[in-house]
**Q** 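I am attaching a structure below and will ask some questions about it afterwards.
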Amino acid sequence: MCGRYVRRSDKQRIAEHFHVYGPSVPDFGPSWNVAPQTFQPIVRLNRDTREREIVMMRWGLIPYWAKGPQIGLSTINAKAETVATAPSFREAFKRRRCLVPADAFLEWQKIDAKTKKPFAIALKSGEPYGFAGLSERWHDKAAGAELLTFTVITTDPNAVVEPLHNRMPVILPERDYSRWLDVDSSQIPMDLLRPYEADQMTAWEVDKRIGNVRNDSPELLEEQSTTPKEPSLFDDAPL
DNA sequence: CCAGACGTTGTT
DNA sequence: GTCTGG
DNA sequence: CCAGACGTTGTT
DNA sequence: GTCTGG
C-alpha cells in the first residue's frame with residue numbers, strides 16, 4: 001500500500017518533469033514525509049484548456065455524493081482490482097484521473113509483532129515519478145466551500161517491494177503520462193495499472209526518525225520553501 | 001501510513 | 001487497544 | 001419499498 | 001449517486 005511518500009521536488013522541478021507550462025498554484029517546497037489528509041500537488045488536465053496544470057488537493061478521496069468527509073480517512077488508496085467498479089472510485093476513474101508527483105514511497109517492513117523497519121523505494125535513476133491517482137471535488141456544505149481530494153491506486157508488489165510489503169502504489173512510466181491523463185478518451189487505460197518494472201527500482205532502509213518528521217502541513221509549506229529542513233533520507237540512497 | 005494521546009472543570 | 005491529527 | 005453503505009490496510 | 005440487504 002502507500003500511506004506515506006517523499007516529494008523532494010519543488011514546484012519548478014515538478015513542472016519540468018511533468019511538462020506543465022501553464023499558469024499554476026502558488027510556489028511550494030518539498031515534503032519529506034507526506035501524510036494522509038495533507039494538501040499536496042497533483043497534475044491533471046485543465047478542464048477548459050486541456051493543458052496540464054498543478055493543483056493542490058487533500059490526500060483521502062471524498063466522493064462527490066458523500067454526506068460527510070469521514071470516508072476520506074479510509075480512501076487514501078484505491079485497489080486497482082476494483083477501482084473501475086467501486087462506487088467511491090468508478091466515476092473518478094473514468095473522468096478524473098491524475099498524477100501524484102513523488103520521489104519515493106515509504107513502506108514499514110514488519111519484523112515481528114512489535115518491530116518494523118521503514119524503507120524508501122525510488123527509481124534507480126533518481127528521477128521523480130507519478131503515482132496513478134484519482135481526484136474528486138466535494139461540496140462541504142458546513143464550510144460552504146469546495147474541497148479537492150485525491151487517492152493513490154495500489155497493485156501487487158514487484159520483486160523489489162515484495163520482501164517489504166504485499167501492496168505497492170501504481171507508478172506510471174513517463175511514456176504513459178498522456179494516456180493516463182487523457183480523460184476525454186473513451187478508452188479506459190486499465191492496462192497501465194500494474195507493478196512498475198522492478199529492474200528500474202531500488203529500496204533502502206531509512207532512519208527510524210522518518211516517522212517523526214512533521215514538515216508538510218499546509219501552514220509550513222511556505223516556510224519550507226525558504227528554509228527547508230532536509231532529513232538525511234536520501235543521503236544513503238543508492239541512486 | 002505513523003505518532004501521540006488516551007481526562008475534567010471552569011474560565012476566556 | 002484504539003482513536004485522532006497530520 | 002427504505003436504510004445504510006460506499007474504503008484500505010493490517011491485525012485478531 | 002447507486003447498489004445491497006432486509
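As the structure is a computational prediction, the values presented were derived from the model and not from experiment. A, B, ... follow the sequence lines: proteins, then strands. Residue 1 opens every chain.
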**Q** Over how many whole Å does the gap from A:E81 atom CD to D:dT9 atom C1' extend?
**A** 13 Å
**Q** Taking only N/O atoms, report every protein-nucleotides 2-7 of chain D pair under 3.5 Å with atom names and distance.
**A**
residue : atom : partner : partner atom : Å
D:dC6   : O3'  : A:S88   : OG           : 3.3
D:dG7   : OP1  : A:P87   : N            : 3.4
D:dG7   : N2   : A:S74   : OG           : 2.0
D:dG7   : N3   : A:S74   : OG           : 2.1

**Q** Salt-bridge test for A:D191 and A:R179: reply yes if a basic N is under 4.0 Å from a carboxylate O, no otherwise.
**A** yes
**Q** Using a 4.0 Å heavy-atom cut-off across all strands, classify A:R90 as base, sugar-phosphate, or nothing.
**A** sugar-phosphate
**Q** Using the P atoms only, state how far D:dT8 lies from B:dC1, rounded to an integer number of Å.
**A** 13 Å
**Q** In whole Å, I'd like the distance from the CD atom of A:Q40 to the C1' atom of C:dG6.
**A** 11 Å
**Q** Pick the P atom in D:dT12 and in C:dG1, then give their distance to the nearest Å.
**A** 7 Å
**Q** Rounding to a whole Å, what distance do you find between A:F119:CZ and B:dC1:P?
**A** 17 Å
**Q** Do A:K116 and A:E107 sit within salt-bridge range, that is, some charged N less than 4.0 Å from a carboxylate O?
**A** no
**Q** Whole-Å distance between B:dC1 C1' and A:N33 CG?
**A** 9 Å
**Q** Going through the checks in order, is the side chain to side chain contact (heavy atoms under 4.5 Å, CB included) test met by A:F105 and A:V161?
**A** CA-CA 11 Å; A:F105 63 93; A:V161 180; 3.8 Å; yes
**Q** Has the side chain of A:R97 got a donor or acceptor atom that lies under 3.5 Å from a matching backbone atom of A:D182?
**A** yes
**Q** Between atom CD in A:Q37 and atom P in C:dC3, what is the gap in whole Å?
**A** 16 Å
**Q** Could you tell me whether the side chain of A:W59 and the main chain of A:F39 form a donor-acceptor pair under 3.5 Å?
**A** no
**Q** D:dT8 C1' sits how many Å from A:M168 CE, rounded?
**A** 17 Å
**Q** Once you apply a heavy-atom cut-off of 4.0 Å, does A:Y5 come out as touching a base, just sugar-phosphate, or nothing?
**A** nothing
**Q** Quick one: ring pair (Phe, Tyr, Trp, His ring centres under 6.0 Å) pairs with a partner in residues 120-147 of chain A, sequence neighbours left out?
**A** A:Y5-A:F131, A:Y129-A:F131
**Q** Over how many whole Å does the gap from A:R4 atom CZ to C:dG6 atom P extend?
**A** 12 Å
**Q** Do the side chains of A:R96 and A:E136 get close enough for a salt bridge, i.e. N-O under 4.0 angstrom?
**A** yes
**Q** Are A:L147 and A:L73 linked, directly or through other ILVMFWY residues, by side chains that come within less than 4.5 angstrom of each other?
**A** no
**Q** Expressed as a whole number of Å, how far does the C1' atom of C:dC3 sit from that of B:dT9?
**A** 23 Å
**Q** Do the rings of A:H17 and A:Y177 sit parallel, tilted or perpendicular, given the 30° and 60° boundaries?
**A** perpendicular
**Q** Can you tell me how far C1' of E:dT2 sits from NZ of A:K94, to the nearest Å?
**A** 12 Å
**Q** What distance, rounded to whole Å, do you find between the two C1' atoms, one in B:dG10 and one in C:dT2?
**A** 29 Å
**Q** Determine yes or no for a side-chain-to-main-chain donor-acceptor pair under 3.5 angstrom, with A:K11 supplying the side chain and A:P41 the backbone.
**A** no
**Q** For a quick test of reading the model: is some side-chain N or O of A:R167 closer than 4.0 Å to OP1 or OP2 of D:dT9?
**A** yes
**Q** Stem finding on DNA chain B, please: runs of three or more consecutive Watson-Crick or G-U wobble pairs, both distances under 3.5 Å, sorted by first number.
**A** B:1-6 with C:1-6
